[in-house]
Amino acid sequence: GGDPTLGNYRLPEFILPAGLTFDRIEQRRLLQDHLDQLARSVDQSSTVAALDEARKKAYELIAGPKAREAFDLTREPAELRDRYGKHFWGQSALLARRLVEAGVTFVTINLYEKDVDWWDDHTTIEKNLRKRLPNFDQSLATLIEDLQQRGLAERVLVGAFGEFGRAPRVDAAAGRGHWPRAMSALLSGGGLRNGQIVGATTADGGEPSDRALRPADLLATIYHMLGIDHEQFLRDQQGRPVRVLDGGEPIRELVS
């Protein structure tokens with residue numbers, strides 16, 4: 001919470017509710033241990049083991065220092081914080097890197113900036129992007145560079161993209177409408193073959209002109225790098241098989 005540029009950033013409050021002490025938490029943990037021992041004698045399934053692991057992580061979150069330390073941006077050198085940018089995007093990108101180092105496996109940065117019409121620029125697009133894009137470019141570039149310098153790039157995949165493109169023409173409201181026919185996506189690290197531009201659009205950015213790819217291909221690429229079989233089926237609540245991904249193949253230029 002808070003804006004780093006105003007100096008009012010604060011750490012998340014990892015505190016117990018009123019009336020709940022760490023002694024009572026420990027008593028509850030011991031009671032759960034006894035109940036789990038009883039459960040194991042009846043059911044040796046993987047479900048019990050999974051619940052044990054989830055409970056352990058939750059206990060460590062409220063009782064241990066690791067989460068607090070991960071969110072504490074003051075542990076970073078002032079020079080590096082300046083490189084990321086003293087704004088929402090920059091400090092969030094820096095926090096994302098710290099969370100990954102602390103063991104978090106998925107982090108999403110998706111912010112609402114005050115007095116800016118989000119990223120949904122149906123109006124005043126030039127004004128919005130002039131304020132927004134420099135911060136976004138600074139934080140994204142520094143995040144990629146920082147991961148590389150720390151030796152984390154090969155195991156951390158960074159993705160930057162939206163859910164659709166924008167119309168190739170600025171309309172009467174000085175904005176650009178939703179446009180499903182063409183868009184761009186950026187992927188970095190994660191073991192991919194980086195430094196490439198795959199595919200192309202027409203001069204106005206409105207239509208694919210070479211190597212047209214689909215959102216399913218982008219997702220199949222991400223799943224491939226995560227070791228997830230994008231062709232597998234999972235069962236829904238009624239037991240019916242549902243494909244993890246409806247079509248799509250890993251982008252060969254990036255994974256081969």
Side-chain angles (χ1 to χ4, degrees), residues 43-61 66-67 70-71 89 92-111 119 136 139-141 143-165 180-199 208 210-256:
D43 179 11
Q44 293 294 330
S45 69
S46 60
T47 303
V48 174
L51 288 173
D52 281 352
E53 184 62 24
R55 195 190 71 219
K56 177 183 176 183
K57 290 181 178 180
Y59 184 78
E60 291 174 349
L61 181 65
K66 195 172 183 179
F71 279 95
W89 279 102
S92 294
L94 175 56
L95 178 57
R97 192 220 77 207
R98 291 182 59 82
L99 290 173
V100 167
E101 288 180 312
V104 177
T105 51
F106 291 90
V107 182
T108 300
I109 304 173
N110 195 17
L111 296 179
W119 288 93
F136 178 79
S139 56
L140 179 62
L143 174 62
I144 292 173
E145 183 181 52
D146 195 14
L147 290 170
Q148 182 69 43
Q149 291 173 347
R150 291 172 180 269
L152 296 172
E154 283 299 302
R155 71 178 186 88
V156 178
L157 178 63
V158 178
F161 46 85
E163 70 271 40
F164 45 69
R181 301 189 63 82
M183 62 175 288
S184 60
L186 180 146
L187 296 176
S188 176
L192 296 175
R193 296 178 60 194
N194 295 155
Q196 302 183 74
I197 298 175
V198 181
D210 177 63
R211 186 74 171 97
L213 297 167
R214 297 174 297 158
D217 299 315
L218 175 64
L219 290 174
T221 304
I222 295 173
Y223 289 168
H224 175 80
M225 302 315 295
L226 293 173
I228 298 173
D229 179 6
H230 68 283
E231 294 183 332
Q232 70 176 308
F233 286 82
L234 299 177
R235 301 237 172 227
D236 65 13
Q237 292 182 342
Q238 285 72 42
R240 297 171 299 190
V242 179
R243 289 190 63 172
V244 170
L245 188 61
D246 186 15
E249 292 294 333
I251 301 170
R252 62 177 183 271
E253 293 90 339
L254 301 181
V255 303
S256 60

E154 side chain to G151 backbone, donor-acceptor under 3.5 Å
no
Do other residues, nucleotides or ligands put more than 12 heavy atoms under 6.0 Å from Q237 CD?
no
Atom pair OG (S184) and CD1 (I197), whose distance is rounded to the nearest 0.5 Å
10.0 Å
Trace of the side-chain contact (heavy atoms from CB on, under 4.5 Å) decision for Q232 with R243:
CA-CA 6 Å; Q232 70 176 308; R243 289 190 63 172; over 6 Å; no
Test log, rule side-chain contact (heavy atoms from CB on, under 4.5 Å), inputs E249 and E231
CA-CA 9 Å; E249 292 294 333; E231 294 183 332; 3.5 Å; yes
Starting at CG of L94, measure out to CG of L143 and round the result to the nearest 0.5 Å.
9.0 Å
Give me the atom names and distance for the closest heavy-atom approach of A220 to P250.
CB-N, 3.7 Å
Full working for side-chain contact (heavy atoms from CB on, under 4.5 Å) between M225 and V255:
CA-CA 8 Å; M225 302 315 295; V255 303; 3.8 Å; yes
Any side-chain heavy-atom pair of V100 and T105 under 4.5 Å:
no
To the nearest 0.5 Å, atom CG of N194 lies from atom CG of L254 at 8.0 Å
Run the side-chain contact (heavy atoms from CB on, under 4.5 Å) test on V242 and F233 for me, step by step, so that the C-alpha distance in whole Å, both residues' side-chain angles and the decisive distance to 0.1 Å come before the verdict.
CA-CA 5 Å; V242 179; F233 286 82; 5.7 Å; no
With rounding to the nearest 0.5 Å, note down the distance linking CZ in R193 to CG in L187.
14.5 Å
In Å and rounded to the nearest 0.5 Å, what is the OG1 to CG distance from T221 to L213?
8.0 Å
Shortest non-hydrogen separation from F161 to M183 and the atoms involved:
CB-CE, 4.3 Å
Interatomic distance, Y223 atom OH to L218 atom CG [nearest 0.5 angstrom]
10.0 Å
Between A216 and L245, which heavy-atom pair has the shortest distance, and what is it?
O-CD2, 3.3 Å
Does R181 CZ have over 12 foreign heavy atoms under 6.0 Å away?
no
Indicate yes or no for a side-chain donor-acceptor contact from S139 to the backbone of F136 under 3.5 Å, with no hydrogens or angles considered.
yes
Measure across A96 and I109 and return the closest heavy-atom pair with its distance rounded to 0.1 Å.
CB-CD1, 3.9 Å
Hey, are the side chains of L147 and R97 touching, using non-hydrogen atoms and a 4.5 Å cut-off?
yes
A70 to A102 - nearest heavy-atom pair and separation
CB-CB, 3.9 Å
Minimum-distance pair of heavy atoms, taken over all atoms of R214 and G247
NH2-C, 4.4 Å
Give a yes or no on this: more than 12 heavy atoms of other residues, nucleotides or ligands lie within 6.0 Å of atom CG of L234.
yes
Is any side-chain heavy atom of I251 closer than 4.5 Å to one of R211?
yes
Should V156 and V107 count as side-chain neighbours, where that means a heavy-atom distance under 4.5 Å?
no
